[in-house]
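Encoded as structure tokens, the structure appears first; notes follow it.
Each chain gets a letter, A, B and so on, in the order its sequence line appears, and its residues count up from 1. Any value given below was found using the heavy atoms of this structure, including those in side chains, with hydrogens, waters and symmetry copies removed.
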2 protein chains.
Amino acid sequence: MSSSDELNDHLRVKGYRVTRPRRAVWRALMDADDHLTVEEIAALVARRQPGVNLASVYRSLALFAQLDLVRESRLGDEDVTRWELAHPDEHFHLICDSCGRVDHHAGDLVARIIEHLRSGHGFDARSVDLSVVGRCAFCAADGEQRQPPDDIANDSR
Amino acid sequence: MSSSDELNDHLRVKGYRVTRPRRAVWRALMDADDHLTVEEIAALVARRQPGVNLASVYRSLALFAQLDLVRESRLGDEDVTRWELAHPDEHFHLICDSCGRVDHHAGDLVARIIEHLRSGHGFDARSVDLSVVGRCAFCAADGEQRQPPDDIANDSR
DNA sequence: GTGGCTGCAAACATTTTGCATAACT
DNA sequence: AGTTATGCAAAATGTTTGCAGCCAC
């Protein structure tokens, strides 16, 4: 369980202080189990705790990451960095380049990958970051006429 | 094979011009089969083609990416973006957080993942980005005290 | 010849940092 | 009280863009 108390424990054990910005960032990550950009986190934080500086959000995230409480991840070819709680249970991302939907799967795939690496390559995996870009079941079933080729090239900012 | 000619073909077919900067960037990526940061690419380019602007490197990479000739990838928790030729054969990265070594594996793991997603989730994978951070066989065998062969960790920017 | 590229420099976006002050323990 | 962490603002990074001239076709 990712309770608020958990944060307190993690921080205090290491001698870090439990501050308002840190709590707010933590809460933002907890409330939205989705992946959040720093900007989004800052917005959520600001709603409950006006006055928290962006720099503090960054600093909080950096600290959490250092304590392995959160995880930084890039989805597919997105150009933004996103953050999420570091669930002990690994999962992976399925990004549909057709509808943009992002699914998180907590299946055993990651566990199997880890096992494969261990027995096959002697690699002791600590963290697996698996992102797959393709077409989700819904869009695939929908045939070909979807969000066509050009649009793919559109994003090119 | 990823010959220089290949670049010409890819570009010309689509009506893009084969220019000095583009050739230089392509060559840089070919010479070092390793993952390169934009900075590293720019350095390699500058060595053979002084006068090529950084902006052109970015523009070349963006174009190549759009043509699926190269691939942008973030290794583990690195904070820099790296580029590599988009080998048609998928592969994945094993990053050792002990010695910093990055292995590229072209095994069937990725293919199996794709198959799993297709049959299990109906997801039609187009691109798989798998990065695993952990401890490599060498470091794991070495017990705890490692500070490994620096020569292996060379690339780390 | 001409339109697509490039170099240059300025603009942007994002993340980091120095320092005086506020706040957690 | 003693520090650590914050807010603020400035700086450092990394990437993009407007534009006049150049060059591949």
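Among residue pairs with one or both ends in residues 110-120 of chain A, those qualifying as salt bridge (charged side-chain N to carboxylate O under 4.0 Å, His left out) are A:Asp108-A:Arg112, A:Arg118-A:Asp124; sequence neighbours excluded.
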Please tabulate, one pair per line, all N/O donor-acceptor pairs under 3.5 Å involving side-chain atoms of residues 45-59 of chain B, not counting sequence neighbours.
{"unit_1": "B:Arg48", "atom_1": "NH1", "unit_2": "B:Asp31", "atom_2": "OD2", "d": "3.1"}
{"unit_1": "B:Gln49", "atom_1": "OE1", "unit_2": "B:Arg20", "atom_2": "NH1", "d": "3.2"}
{"unit_1": "B:Asn53", "atom_1": "OD1", "unit_2": "B:Ala55", "atom_2": "N", "d": "2.8"}

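Rounding to the nearest 0.5 Å gives a distance of 6.5 Å between NZ of A:Lys14 and CG of A:Leu67. Distance check, rounded to the nearest 0.5 Å: CD of A:Glu72 to CZ of A:Phe64 gives 14.5 Å. The CH2 atom of B:Trp83 sits 7.5 Å away from the CD1 atom of B:Ile41 when rounded to the nearest 0.5 Å. With values rounded to the nearest 0.5 angstrom, B:Leu85 atom CG is found 8.5 Å from B:Glu6 atom CD.
Going from atom CG of A:Leu61 over to atom P of D:dT6 covers 11 Å, rounded to whole Å. With rounding to whole Å, A:Lys14 atom NZ is found 22 Å from D:dT3 atom P. Between the C1' atom of D:dT6 and the CD atom of A:Gln49 lies a distance of 13 Å, rounded to the nearest Å. Rounded to an integer number of Å, the gap from A:Asn53 CG to C:dA22 P is 15 Å.
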Revision key, fill the gap. Readout for nucleotides 20-25 of chain D: B = base within 4.0 Å of protein heavy atom, S = sugar-phosphate only, - = neither; 5' to 3' it is ---BBS
Study note, to complete from the structure: The contact string for nucleotides 10-16 of chain C, one letter per nucleotide 5' to 3', using protein heavy atoms under 4.0 Å with B, S and - for base, sugar-phosphate only and none, comes out as ----SBB
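The residue A:Gly51 sits close only to the backbone: its heavy atoms come under 4.0 Å of sugar-phosphate atoms, none of a base.
Taking A:Glu40 as the reference, A:Arg82 meet the salt bridge (charged side-chain N to carboxylate O under 4.0 Å, His left out) condition, with sequence neighbours excluded.
Among B:Leu61, B:Val25, B:Thr81, B:Leu44, the one residue that satisfies the side chain to side chain contact (heavy atoms under 4.5 Å, CB included) test with B:Leu36 is B:Leu44.
Between B:Phe123 and A:Val133, the shortest heavy-atom contact is CE2-C, 4.0 Å. Here the closest non-hydrogen pair linking B:Arg22 and B:Ser60 is CG-OG, 3.5 Å. Here the closest non-hydrogen pair linking A:Val128 and A:Arg71 is O-NH2, 2.7 Å.
An angle of 40°, rounded to 10°, separates the two end axes of the helix from C:dG1-D:dC25 to C:dT25-D:dA1, each defined over five pairs.
The base of C:dG4 is not paired with the side chain of B:Arg59 by any donor and acceptor separated by under 3.5 Å.
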